[in-house]
Amino acid sequence: MPHTRRRLALLAALLLTAPTILTVAAQQREVRFPAAGGQMVFGTWYPAEGTARAIIIALHQGGASGDAEYGPIVPRLTAGGFDMLTVDLRSGGDRFGGLNRTVQLRGSSADYCDAGADIAGALRFVRMQAPDTPIILWGSSFSAALVIREAVTDSAGVVGVLAFSPASGDPMAGCQPEQAAERIAVPLLVLRPRSEMALDHVGQQAVRFRMAGHKVVVADPGTHGSSMLVAERVDGPVAGTWAEVEGFLREVAP
């Protein structure tokens, strides 16, 4: 008899929690949209809790995917009132344990600069889905360089750009971010871990951004790309970095 009561209690608990779990799962949805040239791009749409202040288009670093890199980051931002679109760029892979659906469809990963067409496609898609909602571009490593450039060429509706460890040098030949530093007209926040600031080209890049009037935050402790917001990846506290990010978001999307 006691075992029966325990089983009934467990069943009741599962029935009570199941609708909440199903509702949360149903809120996010896979999306697809075309990039320039007809490439189909995959993403995941995560709705804000309540009315959205803005929508964040979140782009991953090299060898990764949108959901895998931003999985630990999404809940805090959606709870803060942001819709999010995490995008699987055509240059990526299984870093952080995820699957890049766009690369899987293509059959291979593309060059970094080619992924700029996917960001342009994401902007068009978001404007169609939510034409009156402000847009924030958020990039990590190579995609951080690309969002800076995209905000120069197509800034309609874009109220802010966050660039985590923007890549430069030979891998970004033809799409380096430095040339766009003086031309970007929307607010830009650049973030770097302390460990990267010791590199000559990174230090020079930071000087160039600062001279153009943009804020450069040095995260200490930190790690490469948007992962500097994830304590487990940093292996240290991330409250200070989050404070800088959320302060910037309050400014551009009150």
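Throughout, numbering of the chain's residues begins at 1 and tracks the sequence.
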Determine whether a donor-acceptor pair (N or O, by modelled atom type, separation under 3.5 Å) exists between the side chain of [X] and the backbone of [Y].
| X | Y | value |
| --- | --- | --- |
| Arg95 | Gln61 | no |
| Asp88 | Arg101 | yes |
| His214 | Ala181 | yes |
| Asn100 | Ser65 | no |
| Glu150 | Leu137 | no |
| Arg194 | Gly222 | no |
| Arg192 | Pro166 | yes |
| Thr223 | Val234 | no |
| Ser155 | Val152 | no |

| query | Taking only residues two or more places apart in sequence, or in another chain, which ones meet Phe125 in a ring pair (Phe, Tyr, Trp, His ring centres under 6.0 Å)? | reply |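 Scan of Phe125 (ring pair (Phe, Tyr, Trp, His ring centres under 6.0 Å), adjacent residues dropped) gives Phe33.
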| remark: Across all chains, not counting sequence neighbours, the ring pair (Phe, Tyr, Trp, His ring centres under 6.0 Å) partners of Tyr46 are none
| request: Assign the ring pair Phe142 / Tyr112 to parallel, tilted or perpendicular, where the plane angle (0 to 90°) is split at 30° and 60°. | output: parallel
| field | Side chain to side chain, Asp235 and Pro221, heavy atoms closer than 4.5 Å | value | no
| said: When you compare the side chain of Gln129 with that of Leu85, does any pair of heavy atoms fall below 4.5 Å? | reply: no
| Salt bridge between Arg106 and Asp114, side-chain N to carboxylate O under 4.0 Å? |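 No, no charged N to carboxylate O under 4.0 Å.
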| Residue that, paired with Ser168, satisfies side chain to side chain donor-acceptor pair (under 3.5 Å) out of Gln204, Glu178, Gln176 | Glu178
Donor-acceptor pairs under 3.5 angstrom involving side-chain atoms of residues 47-58: please list them, not counting sequence neighbours.
unit_1	atom_1	unit_2	atom_2	d
Arg53	NE	Ala253	O	3.0
Arg53	NH1	Gly80	O	2.8
Arg53	NH2	Ala253	O	2.9

